[in-house]
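Residue numbering restarts at 1 for every chain, and letters A, B, ... go by the order of the sequence lines.
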2 protein chains.
Amino acid sequence: MTITEVSKKYDISQDTLRYYERIGLIPAVNRTKGGNRDYTEESCGWIELAKCMRSAGIPIEALIEYCALTQQGEETITARKELLVEERRKLLEKMEDMQKTMDKLNYKIDRYEKAEITGVLSWDK
Amino acid sequence: MTITEVSKKYDISQDTLRYYERIGLIPAVNRTKGGNRDYTEESCGWIELAKCMRSAGIPIEALIEYCALTQQGEETITARKELLVEERRKLLEKMEDMQKTMDKLNYKIDRYEKAEITGVLSWDK
DNA sequence: TTATCATATGGAGTCAACTCCAAGTCAATA
DNA sequence: TATTGACTTGGAGTTGACTCCATATGATAA
C-alpha cells in the first residue's frame with residue numbers, strides 16, 4: 001500500500017505517518033526501488049495499533065519503547081507485558097477520572113434543564 | 001483562603017491557579033487590601049470544577065466560554081447547557097475510544113502472559 | 001526596623017505531539 | 001520528452017497547556 005492509501009484507510013495524515021516512523025513509534029516501513037514507502041500488512045497492523053493507543057492518550061514515549069522492545073526479540077516479552085500493564089493501569093485511572101467528570105456533567109446538565117422549565121436555577125452545592 | 005492553601009487543597013500549582021484566572025477559566029478572585037488573592041467558597045467551587053473538567057481533558061477554550069457565559073446572567077442558561085452537552089458528547093466518544101484501547105491492552109497482555117508460560121508467542125491477528 | 005517570606009505581575013520558556021514547508025526525486029500521463 | 005503529480009527528507013513552525021522567571025511589593029518574625 002502507498003502512503004496515500006494508508007493515510008486514507010486509517011485517517012492519519014501522511015506527515016503523521018512519516019513522523020511516527022521517524023521517531024520509532026512503528027518499525028521502519030518497506031520501500032519500493034524508487035525509495036517510496038510500501039506498507040505491508042504488518043506495517044498496517046502497527047499503524048492501527050499506534051492509532052488505537054494514541055486515541056486513548058497513551059504517550060508516544062511508551063509506544064516508542066514498546067516498539068523498540070518488539071525489535072529485540074522474544075527475550076523482551078516480559079518487559080513488553082510489564083510496559084502494557086503499566087499503561088493499562090494509567091488508562092484505568094484516566095477512565096475513572098472521566099467517569100467522575102461525566103457524572104458531574106450529567107448533574108449540571110440536569111440542573112440546567114430543570115432551570116429551563118422552572119425558570120429557577122438553584123444554587124450549585 | 002490564601003493561594004497557598006488552595007494550591008495544597010486541590011493539588012494545583014499556584015502558577016496554574018493564577019493562569020486559570022488570567023485566561024478567564026475561572027472568574028476573578030477576591031483580593032485582600034494588600035492585593036493578595038482571597039479565595040471564597042465560590043472561588044473554590046470554580047477551582048474544583050476546573051480541576052475536574054481538566055482531568056478529563058475538556059479543553060480550556062470550552063471552559064473559558066462556559067465561565068464567560070455564567071458571568072452574563074441567567075439568559076445564558078440554555079447556551080451553557082448546550083455547551084456542556086457538547087462536551088459530554090465528546091467525552092463519551094473519548095471514553096469509548098479508551099474502552100477499545102483497554103480491550104486491546106487486555107488482549108495483548110493476555111497473549112504475553114500465555115507466551116511466558118508456554119514459551120510461544122502466537123502471531124497477533 | 002530589618003530581614004525573610006508570601007504573593008503579585010507580565011512575559012518568556014518548555015513540553016508533547018503534531019503539522020507545515022522547501023527543495024529535491026521518482027513516476028505517470030499528454 | 002515535457003509536464004504534472006506523488007513522494008522523499010530534514011528542519012522549522014504551531015498548538016495547547018502549562019511552568020518558570022525577574023522584579024516588585026505587602027506581610028510577618030526577630
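Residue A:T2 is classed as a sugar-phosphate contact, given heavy-atom separations below 4.0 Å to backbone atoms only.
The side chain of B:T16 approaches D:dT19 more closely than any other nucleotide in the set C:dC18, D:dT19, D:dT8. Candidate nucleotides D:dA17, D:dT19, C:dT9 were compared by shortest atom distance to the side chain of B:R54, and D:dA17 ranks first.
Applying the 4.0 Å criterion to OP1 and OP2 of D:dT9, one finds that A:R37 has a side-chain N or O inside that range. Within the 4.0 Å cut-off from OP1 or OP2 of C:dC18, not a single side-chain nitrogen or oxygen of A:S13 is found.
Checked by atom type and distance alone, the side chain of A:D38 pairs as donor or acceptor with a backbone atom of A:M1 at under 3.5 Å. B:E21 contributes a side-chain N or O that, together with a main-chain N or O of B:V29, makes up a donor-acceptor pair within less than 3.5 Å. A side-chain donor-acceptor contact under 3.5 Å links B:R54 to the backbone of B:I58.
Near-neighbour residues of DNA chain C inside residues 18-29 of chain B, defined by a heavy atom below 4.0 Å, number-ordered: B:R18, B:R22. For the contact set between residues 56-63 of chain A and DNA chain C, defined by any heavy atom under 4.0 Å, the members are A:P59, A:I60.
Every residue meeting the salt bridge (charged side-chain N to carboxylate O under 4.0 Å, His left out) condition with B:E87, not counting sequence neighbours, appears here in chain and number order: B:K90.
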(message) What verdict does the side chain to side chain contact (heavy atoms under 4.5 Å, CB included) test give for A:Y112 and A:K114, after you've listed the backbone C-alpha separation in whole Å, the side-chain angles of each residue and the deciding distance to 0.1 Å?
(response) CA-CA 5 Å; A:Y112 282 130; A:K114 280 186 184 130; over 6 Å; no

(request) Go through A:K100 and A:E96 one step at a time and tell me if the salt bridge (charged side-chain N to carboxylate O under 4.0 Å, His left out) criterion holds. (result) CA-CA 6 Å; A:K100 273 182 208 150; A:E96 285 163 1; over 6 Å; no

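For A:Y66 and A:R80, the side-chain atoms include no donor-acceptor pair closer than 3.5 Å. In this model, a donor atom of one side chain and an acceptor atom of the other lie less than 3.5 Å apart for A:R88 and B:N106.
Rounded to an integer number of Å, the gap from CD1 of A:I3 to C1' of D:dA6 is 10 Å.
You'll find a donor-acceptor pair under 3.5 Å spanning the side chain of B:D15 and the base of D:dC20, going by distance alone.
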